[in-house]
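Structure record follows, encoded as structure tokens.
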Amino acid sequence: MSKYDSGSDEWSPTAAHWGTYEVRSSDLSVRPSPHDPDPSPIGLGLGEAIDHPLRISAPMIRKGYLSGNGRRGADTYVETPWDEALDIAAKAIDDVRGQHGNSSIYGGSYGWGSAGRFHHPQSQIHRFLNCIGGYVRSENTYSTAAMEVIVPHVLGGIDILMGGMPRWRDIAEHGQLVVAFGGMALKNAQVNPGGVGQHTAAADQRACRDAGVRFVNISPLKDDTQSALDAEWLAARPNSDTAIMLALAHCLIKEDLHDKDFLESHCVGFEKFASYLMGEADGQPKTAEWAAELSGLPADRLRTLAREIAENRTVITVSWSVQRTQYGEQPYWAGISLSAMSGSFGKDGGGFGAGYGAVHAMGNDGRMIPIAPLPQGENAVSDFIPVARISDMLINPGAPFAYNGETRSYPDIKLVYWCGGNPFHHHQDLGRLVQAWQEPQTVIVHEAWWNALSRHADIILPCTTLLERNDLAAGFNDLTLSAMKQVRAPFGEARNDYDIFAGLAERLDAGGTFTDGKTEMDWVRELYDGSRAFSTEGGIEMPDFETFWSDGRFVFPPPDTPLRIFQSFREDPKVTRLPTPSGRIELWSETIESFQYADCKACPAWFSPDEWLGAPRAKTFPLHLISNQPKTRLHSQYDHVGVSAKSKIQGREPALLNAHDAAKRGIVDGDLIRLFNDRGACLAGATVSDDVMPGVIVLSTGAWYDPEDPEADQPTCVHGNPNTLTKDIGTSSLAQGPTAHSCLVEVEKLSGPAPSLRITEPPVIEGK
Ligand SMILES: Nc1nc2c(c(=O)[nH]1)N[C@H]1C(S)=C(S)[C@@H](COP(=O)(O)OP(=O)(O)OC[C@H]3O[C@@H](n4cnc5c(=O)[nH]c(N)nc54)[C@H](O)[C@@H]3O)O[C@H]1N2
Ligand SMILES: Nc1nc2c(c(=O)[nH]1)N[C@H]1C(S)=C(S)[C@@H](COP(=O)(O)OP(=O)(O)OC[C@H]3O[C@@H](n4cnc5c(=O)[nH]c(N)nc54)[C@H](O)[C@@H]3O)O[C@H]1N2
Ligand SMILES: [Mo]
């Protein structure tokens with residue numbers, strides 16, 4: 001019996017991407033940390049999930065995997081003892097690397113996993129795969145792929161942009177106007193990679209309003225800015241942002257309001273960009289009337305907005321969602337260019353914001369906590385794919401693809417290994433993913449629950465959750481380092497990812513290399529001590545490990561001097577050069593011009609997406625689907641418990657549609673509806689509201705994928721997963737990022753009885 005089995009009435013600290021909490025081990029009650037002034041309710045479901053009927057209690061092997069038939073996603077499972085399951089997994093890995101080499105193992109394993117720094121699943125799997133000869137990795141993120149690739153060409157680096165953007169504090173002190181493309185939704189600021197010590201974003205935004213800052217929300221959804229800000233809501237058609245920005249830039253030039261000195265001394269390519277805006281080559285001046293036609297916003301308002309931008313200390317911010325669209329590189333490039341023309345770039349409280357509110361870090365008065373990562377070793381395989389090209393890779397081994405000026409080819413993958421992410425949550429066009437997923441010989445997955453990922457695996461190795469192990473967490477641009485204490489013995493036979501990898505490494509003759517002979521607590525202590533050493537170098541004294549562990553947290557002082565990269569650049573661009581080829585902001589990029597792409601030119605430009613309300617396809621599928629981040633959970637995590645489970649309508653994910661669109665289809669609040677297009681369909685529960693513009697339907701991501709017929713080419717998810725509908729194409733040849741927010745659908749009231757949910761019950765387990 002472990003010391004945790006009896007339980008104790010003490011409250012122990014823990015942390016997740018959505019905040020810090022305390023857990024009582026006797027009954028797994030959860031309460032927010034008393035140090036958080038505005039905690040997120042998402043964490044309150046943590047305890048409920050531990051002994052949930054959907055927990056995976058022992059290793060499982062897909063029945064057809066053992067007999068060489070069956071289909072992933074439509075099979076039963078055989079409970080298997082750990083030693084046997086690890087032997088089978090190790091043999092599969094060894095056979096593949098022996099016969100096809102390590103470049104046939106895909107270990108990109110994208111996903112958020114848990115906040116803990118030691119049990120960070122990505123670090124664990126990459127360390128393991130590096131120890132056994134390497135793996136094909138993935139580049140960039142589902143979050144910001146287009147931004148990650150375009151911004152280095154324009155400003156020299158994404159770290160510069162995120163580090164140099166004004167904080168809320170600077171905007172309150174010096175700013176006057178915030179123009180937010182895609183808003184700055186507070187639902188998203190609940191979350192932060194690695195955690196949040198104190199949720200302050202809502203109050204920080206209100207402090208800006210109290211100081212007189214005005215907000216404009218250019219978005220299909222009113223709630224994309226909090227109501228307390230009294231923002232002006234400009235309901236623009238989704239995906240028309242670049243057109244709006246180009247028109248604002250055009251107005252600045254026409255009215256001679258652009259910052260000519262700054263453009264001359266700090267930017268390159270303004271003349272050529274201006275020529276594009278004037279329509280000198282394509283015959284189409286990018287006027288307010290032109291953008292009004294595309295966006296649905298009044299031309300006069302665009303003209304007055306351009307004047308307000310020039311006359312006020314302005315922040316132009318573009319949410320990450322806006323670049324998760326076809327041609328998603330353009331709104332970032334156009335937004336930065338508009339800001340460079342505005343007169344506010346590089347001035348206190350003005351400039352460009354890379355998505356305020358997208359995560360809590362953006363705008364926060366935090367610091368980079370010097371957290372020592374788990375050493376990853378070296379990857380001996382150089383192949384990679386842009387992260388969202390996974391189905392393409394599995395379907396087209398050997399085929400060429402373009403990426404940021406290179407032509408590479410897709411590796412031939414025989415084994416997929418996933419730990420700490422969920423492609424059946426995150427990937428677009430799930431029908432296509434399910435087809436692609438049948439290609440490899442073996443799929444190995446670590447999961448805690450019977451979600452859609454585990455139900456598509458051959459070998460499931462059940463892992464512990466954050467309450468069943470010891471760790472520490474620190475958020476991106478936050479101030480709190482939190483202890484995460486084990487409060488329970490692992491459920492069933494679940495093991496830590498670390499121990500699972502250690503068992504496999506042992507079988508593959510890499511046991512010592514992987515563990516370095518260390519236990520969980522050895523590593524946690526070592527990571528802490530590494531951070532402590534870094535901090536001492538930076539002049540901050542952290543307590544010794546014992547003191548930290550018993551206090552449960554350490555809070556760093558806020559930075560005394562914020563990064564003022566863009567201010568220094570503005571002061572003297574010869575002293576502070578940007579790391580671009582010219583050392584300046586590139587409104588015209590010779591590098592990108594040299595790539596000769598048809599879908600990403602040498603300056604920011606308007607391209608009409610295949611799927612938006614202005615496309616011919618809107619005649620057949622007349623609603624734009626926004627599959628945004630869910631308010632009630634982080635992606636698909638903890639969908640089955642807590643606030644997420646409570647939010648469902650007749651067990652299905654809620655979808656928001658405008659009263660006009662609902663009435664036209666005879667839909668009323670609380671009805672079950674069916675969203676569909678020519679890729680698939682899903683059910684949802686209708687919420688009718690005027691907070692979403694006509695022509696747009698919002699179905700947040702994260703309902704666990706539950707196909708009515710798992711073998712159908714065009715699946716119907718009876719639970720409400722919007723990725724049955726989204727399109728699986730890259731943003732452009734430049735970044736190849738995901739494009740979830742460019743998607744058209746039709747919706748109808750569900751006729752007949754609702755098909756039952758299967759995802760709420762475990763699958764059939766043979767011999768049980
Ligand atoms: N349609 C549409 N799709 C989208 C988006 C969108 O806007 N629209 N957004 C995209 C974005 S920005 C992102 S970041 C992705 C997110 O996609 P993911 O990060 O893949 O989604 P999560 O649901 O967070 O997946 C994490 C998985 O890790 C598991 N897990 C948690 N802790 C551990 C652990 O300690 N060990 C192991 N082994 N597993 C663990 C959880 O159970 C869960 O299954 O989704 C993308 N998909
Ligand atoms: N609660 C919660 N918070 C989260 C997450 C979560 O799962 N849950 N996920 C986190 C992650 S991984 C990420 S990457 C960030 C993502 O941050 P974002 O990508 O910014 O978040 P989204 O919720 O997808 O989109 C924000 C809003 O953009 C608007 N929008 C969508 N398309 C368009 C468009 O074409 N034009 C305009 N103007 N607006 C548009 C939608 O109305 C939407 O509500 O959120 C993080 N925060
Ligand atoms: Mo993300």
Side-chain angles (χ1 to χ4, degrees), residues 177-183 214-222 224-225 231-258 273-312 314 316-319 321-322 325-328 330-331 333-335 337-339 341-342 603-619 622-624 626 658 660-661 690 692-696 741-742 744:
L177 177 65
V178 175
V179 180
F181 289 88
R214 221 158 45 77
F215 292 86
V216 178
N217 174 30
I218 302 182
S219 217
L221 246 193
K222 191 171 177 207
D224 282 338
T225 50
E232 180 189 6
W233 180 30
L234 295 180
R237 279 172 166 178
N239 290 199
S240 67
D241 305 85
T242 303
I244 299 169
M245 294 167 188
L246 296 174
L248 294 170
H250 182 273
C251 292
L252 291 181
I253 298 177
K254 275 283 174 204
E255 302 197 11
D256 199 28
L257 294 171
H258 55 302
F273 178 46
S275 157
Y276 170 74
L277 292 173
M278 295 305 140
E280 280 162 16
D282 63 3
Q284 175 60 67
K286 312 302 175 296
T287 60
E289 282 70 22
W290 168 79
E293 184 81 10
L294 295 169
S295 65
L297 298 182
D300 276 345
R301 183 62 193 110
L302 294 179
R303 267 189 292 270
T304 51
L305 184 59
R307 287 176 209 137
E308 289 161 23
I309 287 173
E311 284 158 11
N312 289 282
T314 301
I316 311 274
T317 172
V318 183
S319 75
S321 54
V322 172
T325 57
Q326 193 179 8
Y327 313 115
Q330 305 307 318
W333 201 356
S337 304
L338 175 63
S339 183
M341 293 167 67
S342 72
C603 73
W606 166 251
F607 294 89
S608 184
D610 302 347
E611 299 203 18
W612 75 298
L613 293 171
R617 193 176 146 93
K619 290 198 176 63
L623 296 174
H624 193 117
I626 295 292
N658 182 274
H660 171 81
D661 295 320
D690 284 333
V692 57
M693 67 182 276
V696 173
H741 286 305
S742 297
L744 291 172

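As the structure is a computational prediction, the values presented were derived from the model and not from experiment. Here, residue 1 is the first one in the sequence, and each next residue gets the next number.
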### Message
Working to the nearest 0.5 angstrom, can you tell me the gap between E308 CD and E232 CD?
### Response
7.0 Å
### Task
Report yes if some heavy atom in the side chain of S319 is under 4.5 Å from a heavy atom in the side chain of V322; otherwise report no.
yes
### Query
Quick one: does L221's side chain get under 4.5 Å of V696's, heavy atoms only?
no
### H624 to W612 - nearest heavy-atom pair and separation
ND1-CA, 3.7 Å
### Query
Any idea how F607 and Y327 line up, ring-wise: parallel (<30°), tilted (30 to 60°), or perpendicular (>60°)?
parallel
### Main-chain N/O of Q284 paired with D282 side-chain donor or acceptor, under 3.5 Å
yes
### Message
Quiz question: by atom type and distance under 3.5 Å, do the side chains of T304 and R307 form a donor-acceptor pair?
### Response
no
### Query
Looking only at atom types and distance, does a side-chain atom of D661 sit under 3.5 Å from a main-chain N or O of G695, one as donor and one as acceptor?
yes
### Query
Hey, does the side chain of K286 reach the backbone of A291 with a donor-acceptor pair shorter than 3.5 angstrom?
no
### Message
If you compare all heavy atoms of T225 against all heavy atoms of G183, which two are closest, and at what distance to 0.1 Å?
### Response
CG2-CA, 4.3 Å
### Under 3.5 Å: donor-acceptor pair, side chain of H258, backbone of A310
no
### Task
Might you confirm whether atom CD of E293 has over 12 heavy atoms from other residues, nucleotides or ligands at distances under 6.0 Å?
no
### Task
Determine the minimum heavy-atom distance between A605 and L246, stating which atoms define it.
C-CD1, 4.0 Å
### N/O donor-acceptor pair under 3.5 Å between E611 side chain and L744 backbone
yes
### Task
Answer yes or no: is there a side-chain heavy-atom contact under 4.5 Å between I626 and P220?
yes
### Message
Quick check against the 3.5 Å criterion: does N239 have a side-chain atom that pairs as donor or acceptor with the backbone of H741?
### Response
yes
#### Entry: For F273 against M341, the heavy-atom pair lying closest together
CE2-SD, 4.0 Å
### Task
With rounding to the nearest 0.5 Å, note down the distance linking CG in L257 to CD in E311.
7.0 Å
### Task
Using modelled atom types only, decide if a donor and an acceptor are shared between the side chain of S219 and the backbone of N217 within a distance under 3.5 Å.
no
### Task
Hey, could you give me the CE/CD1 distance between M245 and I309, rounded to the nearest 0.5 Å?
9.5 Å
### Query
For the atom pair CD1 (I218) and CG (L248), what is the distance rounded to the nearest 0.5 Å?
6.5 Å
### Task
Might you point out which heavy atoms bring R237 and G614 nearest each other, and give the distance in Å?
NH1-CA, 4.2 Å
### Message
Using side-chain heavy atoms (C-beta onward) and a distance below 4.5 Å, is E255 in contact with R303?
### Response
yes
### Query
How about M278 and K254: do any of their side-chain heavy atoms sit closer than 4.5 Å?
yes
### Message
With a 3.5 Å distance limit and no angle check, can you tell me whether S295 reaches the backbone of I244 through a side-chain donor-acceptor pair?
### Response
no
### Task
May I ask you to decide if V692's main-chain N or O and N658's side chain share a donor-acceptor pair within less than 3.5 Å?
yes
### Query
Between the main-chain N or O of W333 and the side-chain N or O of S337, is there a donor-acceptor pair closer than 3.5 Å?
yes
### Task
Specify the closest pair of heavy atoms between S339 and S342, including all atoms of both residues, with the distance to one decimal.
O-OG, 2.7 Å
### Query
Measuring from L305:CG to L177:CG, what's the distance to the nearest 0.5 Å?
7.0 Å
### Message
For the CG atom of L294 and the CG atom of L613, what is their distance to the nearest 0.5 Å?
### Response
11.5 Å
